[in-house]
Amino acid sequence: MSYTPSEIETKWQNIWDDEAAFEPSSDHTLPKKYILSMFPYPSGRIHMGHVRNYAIGDALARYYRKQGYNVLHPIGWDSFGMPAENAAIKHKLHPRTWTYENIDYMRKELSALGLSFSRTREFATSDELYTRWEQQFIIEMYEKGLLYRESTTVNWCESCHTVLANEQVEEGCCWRCDNPVEQKEMPGYYLDIVRYADELLDDLDTLEGKWPSQVLTMQRNWIGKSRGLAFDFVLSKQSRELLGGHFERYEVFTTRPDTIYGVTYSALAPEHPIVTYLIEHRLLPAKTAEKITAMVNMSERDRAQADKEGYPLGITVVHPLTGEEVPVWTANFVLASYGGGAVMAVPAHDERDFEFATQYDLPIRRVIDGGKELPFTTDGVLIDSGEFTGQKSAEARAAIIAHMEAKGLGKGTTNYKLRNWGVSRQRYWGAPLPFVHCPSCGLVPEKIENLPVALPEDVEITGEGNPLESHPTWKHCTCPSCGGEATRETDTMDTFVQSSWYQLRYTLNPAKWEQEGIDREDAAYWMNVDQYIGGIEHAILHLLYARFFTKVLRDLGYHDTDEPFERLLTQGMVLMDGAKMSKSKGNTVDPDALVQKYGADTARLFTLFAAPPQKELEWNESGVEGAFRFLKKLYDRAEKVTERTLPTIDQGALDEASKYARAKVYEALQRSRDVYEKTFAFNTLIAACMEAINALDKQEDDAVWSEGMYIILHLLEPIVPHIASELSERLFDRINLSGSIPVLNEVFVQDSVTLAVTINGKRRTEITLPADADKETILATAKEAGAKWLEGMAIIKEIVVPGKLVNLVVKPS
RNA sequence: GCGGACGUGGUGGAAUUGGUAGACACGCCAGACUUAGGAUCUGGUGCCGCAAGGUGUGAAGGUUCAAGUCCUUUCGUCCGUACCA
C-alpha cells in the first residue's frame, strides 16, 4: 500500500470529529494547559502565515494532551473590521454575509489541516452574544471612570465624512479618496489606559524570560515612563496684560531639572491655548499667525519630519529660580499632547533646543561641565547654577526637585508617552458603543437588560459617512434614565477591543455563554494562557491592550489573573524569494493547493522543519517535496514492524548498527521534552527523527525496528497527526499515542569511544578505545596515534575530556 | 538618531556548561534500475589541493590547553521607533 494522504487525512479528521477528541474536560482537578494561537481575521482564505501559526499551536496542544493534560486549544474569529465594509461596497454584499461566509469557508480550510481545536468553544467576535458582554464591560468601565468621552483633534476626511486612523493617512491624504486630511476637533470615547501604565510597565518584569525580550522592550518604550520635574512658568506682568489677564502661568515638564539654570527661552506647542489666544486676538503679525496656523494643521506625521520652525510670541516668563525674564516662542517640535505642551529650553544641554537656538540666534548658556562641544547632553557637574553649583547631575536633580517642592514652585512628576486609547470609530461593522445621548440627562449608558445594542441589518454601505448615522430609525430611542426621547450613540468600538478579552471568553464553559461573560471559576482554572503564539506585528497594540483589559476586568471582579499570557512565542513571517508573501506581489502559496497536492501532514511537517518557529521561513517547493518524501519513507517502513507493543530488547545481543540505531531513537526521545516545552525547535526534533530512521534503515533487527517506529510515531504525532495515527492504529492500536515513554539510559552506553586527538588545539587524528579505558591508556594511545606531529616536540600539558577528545600541548624541545 | 535581533557551505539550517564545525534537509555530482524520467535506490559533496596537507563560522584583536560559543573594536543586514523635553 502506498501513502495516500487524502484518504488517511479525511479518515482521521472524521474520527476526531466523532470522538469529539479535542474538547476540554470540565473536570477542574486535572492538570491543565491553555494553548492559544492568535485568532484570525476572516478575510476569505487562509494563508501560509496561518498554517504556520496553527501548526505550532497544534503541535503543543497535541503534545500536552498526550502527556495527560486537560488542554484548552480554542479557535474563533476576530470578525469585526473595515475589510467587511470595503467588500460590502465593492461586491454589494452585507458585511455580515461576507464575514460569516468567509468564516464558513476558512473553518473548512483549517479543518483540512487537522488542527485539534475545540469545536464547541468557537465564536466570532461579531456574534451578538459576544457584543452583549463586551458592552456590559464597557458600561462598567464607564461607571468606574475608566471610559470617558472627550473632544480632541483627529484626522478627518471631508469627502468620506469619517475619522481616519493615523495608519489610514498616506502622505497627508486619505487612503481611499486621496483627499487631503484635515485636523479636526471631534468628540470620541477614550479608555484611560494611562491609569494602568505603572502596572503594565512593572508587570513586564514578571514576563522576563517568558516573552521575547524584543517585545518587552518595545512595550517598555511604548509606555515611555519618565520621571522629572513639573513646574510653572509665571508670565511677566506685561505679558499678562497683553493676554488680557486670561493667563497667568503655564506648566512645563523636564527630566533634566539639573539644567534649569541653563534655560534661555521657553517654547509652546502651536496648539497651546496661549498661542491660540494670541492668534485669535490678532496679537501677532498676520504672517506669523498664518505660519503658526499652518503648523497646527500639519499632520503629526508630517510635522515629525519637518524642519524646526518657530516664532517669538512677544511674551516672557519669569525663571522660577533666577527671576530672569525668559522669552517665549512657539515651536513645531513641541508636542501638544505631552507634558502640558510646553517646555523649558536649555540649548546647551539638549539637542533640539540647541538646534532651534542656533537657527534663531537665541542665547546658549552652559551649566554642566564636561565635553568639548555643545550640546552636552550627558550628566556632569553643575556650574553657574546658584547654590547647586558643584553638585553632580544626579544629586542636583533630586536637590532641585526638593528645593522647588519646598518652595511650592513645582514638584517631582512622572510622565508617560502612552496615550489614552481612543476606541470610537465612525464605522458600521463594529460593536456599538452602548450609550445614549439624552437632551436632559446627557450621556447615559444603556440598561444592562437591554443589551446587546445590536446593529441594524437594513443598511446601505456606501463608504461615505456612518450608516448608523444615516439610518432612518436606529438611533432614535428612549433615555434609559428619564424615559424621554433620546439619541443612540452611532460610534462603534475599535476592533482591538474585541481581541482584548477573547482569551478570557474562551475559558467559559459554552453552557454558560448566555448567562455570563466570564466565569470566575472557569477563568481561575484555565487562566492564564500557558502558551500564546502569534505574529510579532502585534507586539505593542494587541498585546498591550489585551494586558490592559485583563487587568481592568480583574479589577471589575471578573477573574483573578494579572497577566493574560504566561509565555509568548512570536513566529517569523513566511517569505517567498526573500519577500513577505502578498497578493499584490503575486508570491503567495495557496495552502489549499498544497494540502491537495501533498496532504496536510506534509504542509505541517515542512513549516515546522524548514526553520525554527521564531525565525522567518523561506518557502521552498523542493523542501516541501523533501518533507513529503520523508513521510512516504515513514509509511513504507511500517512494514518492518513485527511487534504490537514496545518490545523488550537485550541490548547486549545487538550488533553495532542496531545499537547505534537504538541510541539515535532514544536521543530523539530525550530531545523531545526540551523541544515541546522549552525551545520549540521542532526542526531539530524532526531532524533527530530523520536520523533515527536513517540509522534504523542500516540495521535489520525487527525488534529494534518495532521499538523505533513505536517511539518515532509517538514523537511525531503532534506534528503529523494523520499519518502517525494511521500507522499507530495499524501497528500498535494507538497505545503509543498516549502517556510518555521513559528514556532507557542503557542504550547510550557504548563499548568503545572515539576521541579526537588535538595537538595545540588543532585536530590531527582520532583514536578508538574501549569505553572504560583509563587516562594513561588514552594518553598513550593518543601519543602513539599522533607520533607524526610530536616528533621533536616536548609535551608540556595533557588534557583529556572524557568521551570527547585528548589535547596535547607541545613546544619544540 | 535611539532601541532590539542577527551574520556559519550553493540554499534552509545543526552544534548542552567553551571541547572533533557544517547534523538533518534542499540543491548539485556520479552510479543503479528504467523505453524514459522531474519516480525510486546507492554513494559523494565547506573551500584550496592529485595527494600529503592547508584553510574555514562577516572583519580585526584579546582571554583560554581549547572559541561559532566569552571579551573589546569594527563592518553589514533585518526589525521596531521617531523631536516624549
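Sequence lines set the chain letters: A, B, ... in the order given, protein chains first and strands last, and positions in each chain run from 1.
Considering only side-chain atoms of A/Glu691, the nucleotide from B/G19, B/A15, B/C24 that sits closest is B/C24. Among the nucleotides B/G19, B/G4, B/C24, the one closest to the side chain of A/Lys804 is B/G19. Checking B/G19, B/G3, B/A85 against every side-chain atom of A/Asn807, the shortest atom distance belongs to B/G19.
For the P atoms, the distance from B/A23 to B/G9 is 13 Å, rounded to whole Å. To the nearest whole angstrom, the two P atoms, one in B/C47 and one in B/U11, are 11 Å apart. Taking atom P in both B/A67 and B/G18, the straight-line distance is 13 Å, to the nearest Å. Taking atom P in both B/U57 and B/A21, one finds a spacing of 12 Å when rounded to whole Å. Going from the C1' atom of B/C2 to that of B/G13 covers 32 Å, rounded to whole Å. Taking atom C1' in both B/U20 and B/G46, the straight-line distance is 16 Å, to the nearest Å. B/C26 and B/G61 have their P atoms separated by 39 Å, with the value rounded to a whole Å. For B/A15 and B/G56, the C1' atoms lie 16 Å apart once the distance is rounded to whole Å.
Counting non-hydrogen atoms under 4.0 angstrom, A/Gly339 reaches nothing in the nucleic acid. At a threshold of 4.0 angstrom between heavy atoms, the contacts of A/Lys632 are confined to the sugar-phosphate backbone, with no base atom among them. As judged by a 4.0 angstrom heavy-atom cut-off over every strand, A/Thr754 is placed among the base-contacting residues. A/Val757 comes within 4.0 angstrom of nothing in the nucleic acid, heavy atoms only. Nucleic acid contact for A/Val809: sugar-phosphate only, since backbone atoms but no base atoms lie under 4.0 Å from a heavy atom of the residue.
Applying the side chain to side chain donor-acceptor pair (under 3.5 Å) rule to A/Asp697 yields the partners A/Arg637; only residues at least two apart in sequence or on another chain are considered. Remark: A/Tyr660 pairs with no residue by the side chain to side chain donor-acceptor pair (under 3.5 Å) rule, at least two apart or across chains.
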Fill in the blank from the handout: Scoring nucleotides 6-13 of chain B by protein non-hydrogen atoms under 4.0 Å (B base, S sugar-phosphate only, - none) yields ------SS
Fill in the blank from the handout: Its contact letters, B for base, S for sugar-phosphate only and - for none at protein heavy atoms under 4.0 Å, make nucleotides 43-63 of chain B read ---------SSSS--------
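Atom-to-atom, CZ of A/Phe356 to P of B/C83 comes out at 16 Å; the value is rounded to the nearest Å. In this structure, CD of A/Gln359 is placed 13 Å from C1' of B/C83, rounded to the nearest angstrom. In this structure, A/Phe682 atom CZ and B/A14 atom P are separated by 13 Å, rounded to whole Å. As rounded to whole Å, 13 Å separates atom C1' of B/C24 from atom CD1 of A/Ile693. Atom CZ of A/Arg352 is separated from atom P of B/A82 by 15 Å (rounded to the nearest Å). As rounded to whole Å, 16 Å separates atom C1' of B/C79 from atom CG of A/Leu216. The distance between atom CD of A/Gln614 and atom C1' of B/C79, rounded to the nearest whole Å, is 15 Å. Summarising the geometry, the separation between CH2 on A/Trp329 and P on B/C83 is reported as 21 Å, rounded to the nearest angstrom.
Contact of the A/Pro257 side chain with the A/Phe231 side chain is not registered, since no non-hydrogen atoms from C-beta on lie closer than 4.5 Å.
A close approach under 4.0 Å does occur between a side-chain nitrogen or oxygen of A/Arg629 and OP1 or OP2 of B/C26. A/Tyr416 has no side-chain polar atom (N or O) that falls below the 4.0 Å cut-off from OP1 or OP2 of B/C84. Put simply, A/Asn694 has a side-chain N or O that comes within less than 4.0 Å of OP1 or OP2 on B/A25. Contact annotation: A/Lys417 side-chain N/O to B/A85 OP1/OP2 distance is not under 4.0 Å. Between A/Thr684 and the phosphate of B/A23, there is no side-chain N or O to OP1/OP2 separation shorter than 4.0 Å.
A/Asp674 and A/Thr679 form no side-chain donor-acceptor contact under 3.5 Å, judged by distance and modelled atom types alone. The closest side-chain donor-acceptor pair between A/Tyr666 and A/Asn745, if any, does not fall under 3.5 angstrom. In the model, A/Asn694 has a side-chain atom that pairs as donor or acceptor with a side-chain atom of A/Lys633 under 3.5 Å.
Using the six-membered ring where Trp is involved, A/Trp329 and A/Tyr360 have ring planes that are tilted, between 30° and 60° apart. Using bins of under 30°, 30° to 60° and over 60° for the plane-to-plane angle, the ring pair A/Phe680/A/Phe682 lands in the tilted bin.
A/Phe354 has its ring centre no less than 6.0 Å from the ring centre of A/Phe356. Under the 6.0 Å cut-off for aromatic ring centres, A/Tyr338 and A/Tyr416 do not qualify, their centroids lying 6.0 Å or more apart.
Taking syn as a glycosidic angle within 90° of 0, B/G76 does not qualify and is anti.
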Using a 3.5 Å cut-off and no angle test, enumerate the donor-acceptor pairs between side-chain atoms of residues 780-797 of chain A and protein atoms at least two apart in sequence or in another chain.
{"unit_1": "A/Thr781", "atom_1": "OG1", "unit_2": "A/Thr777", "atom_2": "O", "d": "2.6"}
{"unit_1": "A/Lys783", "atom_1": "NZ", "unit_2": "A/Glu798", "atom_2": "OE2", "d": "2.6"}

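Positionally, the nearest nucleotide of RNA chain B for A/Glu351 lies more toward the 5' end than for the other of A/Glu351 and A/Met690. Mapped onto RNA chain B by nearest heavy atom, A/Gln214 and A/Ala336 fall at different nucleotides, with A/Gln214 at the one closer to the 5' end.
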Handout entry: Dot-bracket encoding per residue of RNA chain B, Watson-Crick/G-U cut-off under 3.5 Å, | denoting interstrand
Key = (((((((..(((......[....)))((((((.......))))))(((....)))..(((((..]....))))))))))))....
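Under the ring pair (Phe, Tyr, Trp, His ring centres under 6.0 Å) test applied with A/Trp421, the options A/Trp222, A/Phe496, A/Tyr545 reduce to a single match, A/Tyr545.
Heavy-atom minimum distance, A/Met295 versus A/Pro270: CE-CG, 3.8 Å.
In this structure, the separation between CG on A/Leu685 and CG on A/Leu716 is 6.5 Å, given to the nearest 0.5 Å.
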